[in-house]
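Input: a single structure, listed below in structure tokens.
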Amino acid sequence: MGVKKQSSCTAIAPSSTANLGPGYDVFGLALDALYDRVRIRRTKADNDKDRITIKMSDSAIPSTPESNSAGLVIKRMAQDFSITDSLDVIVKKGVPAGYGMGSSAASAAAAAVAFAGLYRLKIEKSKLVEYAAEGEMASAGTRHYDNVSASVLGGFIISNITEKGIRFIRMEPPKDLFIVIAVPSISVPSKKTELARSVLPKEVPLRSTVHNISSASTVVAGFALRDVEMIGHGIDGDVIVEPARKQLIPGYDAIKRNAHSAGALAVTISGAGPSMIAFMKGKKGAKKVADAMTAGFMEGGVKCRTFACRPSNGARILA
Ligand code: HSE
């Protein structure tokens with residue numbers, strides 16, 4: 001008697017923030033704010049193989065497998081594991097696309113976890129991150145690991161990508177780390193990440209590099225020592241990426257000033273923006289910080305939505 005095959009699997013994966021100031025393309029933090037949900041179902045037709053059909057809850061996101069972050073992940077995993085079933089994929093977006101909250105990464109992470117769950121694949125978690133990173137090709141055109149690693153693994157992640165190999169270092173965030181994220185109500189260009197990367201300097205003075213290494217090390221030390229103030233001090237110390245990108249964020253200076261005055265320990269651009277993210281010790285004061293960020297965006301002439309949250313534990317199977 002054969003093993004009864006599971007017919008469907010559903011997974012969720014959280015929003016995330018990349019960079020955390022000086023950790024450009026290296027740091028990621030999973031955010032317990034919004035989640036994408038991916039359900040993968042094997043279809044019955046035996047004579048109908050290798051077909052992946054994607055149904056998106058957000059019609060603005062392309063649903064052909066080759067241009068969809070969940071689709072790319074599933075195609076690659078199916079190929080690697082010689083799985084020829086036809087699959088229906090239902091993606092329910094919770095993370096808004098294009099705002100620097102790891103939207104495509106959340107779909108990709110949920111897809112990788114759901115696929116592994118459906119076929120009960122024994123895959124190392126770091127390999128799951130690599131599969132999920134395939135999905136970033138759909139939106140950013142390159143494989144970034146910062147958002148996907150956080151979305152799959154949860155917590156604070158350092159992506160160590162060198163010629164020696166790929167390594168994801170996970171650190172458990174301190175219990176008293178709270179976050180407020182402000183998402184502006186502006187339309188974003190479809191190639192937003194490419195645009196936000198194109199404004200960055202091609203060469204960086206050594207003194208700026210030293211400054212950012214010092215700040216990034218302080219962020220890591222803060223996570224290791226569970227010291228939220230130290231984390232904040234480090235996050236606020238980026239002198240390379242943020243100064244180049246701030247022109248893309250309406251009200252940037254006011255948001256930063258206001259949120260600091262309201263008690264935030266650090267305020268920075270979330271990923272490639274345009275959302276802004278503030279870090280604080282404890283939940284108390286979150287509303288004040290959120291209002292301060294809203295007023296800052298208003299100074300730039302735009303409204304925003306705010307979310308107060310803790311770090312997330314990462315992607316998981318629902319059923
Ligand atoms: N680290 C990326 C950037 C974020 O800032 O462009 C998208 O993964």
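Starting from 1, each residue takes its place in the sequence as its number. Not measured: the values here are computed from a predicted model.
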Closest non-hydrogen atom pair, [X] against [Y]:
X      : Y      : result
Pro184 : Val302 : CB-CG2, 4.2 Å
Gly28  : Ala150 : C-CB, 3.7 Å
Gly117 : Ile317 : CA-CD1, 3.6 Å
Val38  : Ala110 : CG2-CB, 3.6 Å
Met56  : Pro62  : CG-O, 4.3 Å
Asn19  : Gly271 : ND2-O, 3.3 Å

State, without any angle test, whether [X] and [Y] hold a side-chain donor-acceptor pair at a distance under 3.5 Å.
X      : Y      : result
Tyr131 : Asp80  : yes
Ser107 : Asp36  : yes
Glu136 : Ser104 : yes
Arg207 : Thr209 : no
Ser16  : Ser151 : no
Tyr119 : Gln6   : no
Ser217 : Ser214 : no
Ser312 : Tyr35  : yes

Nearest 0.5 angstrom please: [X] [atom1] to [Y] [atom2], how far?
X      : Y      : atom1 : atom2 : value
Thr294 : Glu299 : OG1   : CD    : 12.0 Å
Glu124 : Phe168 : CD    : CZ    : 12.0 Å
Met77  : Glu130 : CE    : CD    : 11.5 Å
Lys75  : Ile54  : NZ    : CD1   : 9.5 Å
Lys55  : Lys92  : NZ    : NZ    : 11.5 Å
Ile123 : Phe115 : CD1   : CZ    : 8.0 Å

Do the side chain of [X] and the main chain of [Y] share a donor and acceptor less than 3.5 angstrom apart?
X      : Y      : result
Asp227 : Ala221 : no
Ser270 : Gly100 : yes
Lys192 : Gly273 : yes
Ser215 : Gly237 : yes
Gln247 : Ala244 : yes

For residues [X] and [Y], determine if any side-chain heavy atom of one lies less than 4.5 Å from a side-chain heavy atom of the other.
X      : Y      : result
Thr306 : Val183 : no
Leu118 : Leu87  : yes
Asp146 : Phe27  : no
Arg167 : Ser159 : no
Ile186 : Pro274 : yes
Ile277 : Thr268 : yes
Val180 : Met280 : yes
Leu177 : Pro311 : yes

Salt bridge (charged side-chain N to carboxylate O under 4.0 Å, His left out) assessment of Asp25 paired with Arg197: CA-CA 11 Å; Asp25 278 359; Arg197 293 173 88 81; 2.6 Å; yes
Can you list the steps and then say if Glu242 with Tyr252 is a side chain to side chain donor-acceptor pair (under 3.5 Å)? CA-CA 10 Å; Glu242 220 176 318; Tyr252 170 90; 2.4 Å; yes
Please report the C-alpha distance between Asp253 and Arg257 in whole Å, then the side-chain angles of each, then the deciding distance to 0.1 Å, and finally whether the salt bridge (charged side-chain N to carboxylate O under 4.0 Å, His left out) criterion is met. CA-CA 6 Å; Asp253 287 321; Arg257 191 183 57 235; over 6 Å; no
Decide yes or no on side-chain contact (heavy atoms from CB on, under 4.5 Å) for Lys93 and Ser103, but give the supporting numbers first. CA-CA 8 Å; Lys93 292 295 298 174; Ser103 177; 2.7 Å; yes
Is it the case that atom NE2 in His260 sees more than 12 heavy atoms from other parts of the structure closer than 6.0 Å? yes
SB check [X] [Y] (cutoff 4.0 Å):
X      : Y      : answer
Lys256 : Asp236 : yes
Glu229 : Lys281 : no
Arg245 : Asp238 : no
Lys287 : Asp291 : yes
Glu172 : Arg170 : yes

Stepwise side chain to side chain donor-acceptor pair (under 3.5 Å) test for Arg51 and Thr53: CA-CA 6 Å; Arg51 184 182 50 77; Thr53 308; 2.3 Å; yes
Is there a path of hydrophobic side-chain contacts, each under 4.5 Å between heavy atoms of I/L/V/M/F/W/Y residues, joining [Y] to [X]?
X      : Y      : result
Ile169 : Leu29  : yes
Tyr24  : Leu20  : no
Ile231 : Phe178 : no
Phe307 : Leu31  : yes
Ile240 : Val210 : no

Met276 vs Ile249, side-chain contact (heavy atoms from CB on, under 4.5 Å): CA-CA, chis, key distance, verdict: CA-CA 9 Å; Met276 292 288 289; Ile249 318 278; 4.0 Å; yes
Does the side-chain contact (heavy atoms from CB on, under 4.5 Å) test come out yes or no for Asp176 and Arg226, once each step is laid out? CA-CA 9 Å; Asp176 52 351; Arg226 297 176 183 264; over 6 Å; no
As a test of understanding, state which of Val91, Asp88, Val89, Ile90 forms a side-chain contact (heavy atoms from CB on, under 4.5 Å) with Arg39. Ile90
Under the side-chain contact (heavy atoms from CB on, under 4.5 Å) rule, what do Ile40 and Ile74 come out as? Steps first, then yes or no, please. CA-CA 9 Å; Ile40 307 178; Ile74 293 166; 3.6 Å; yes
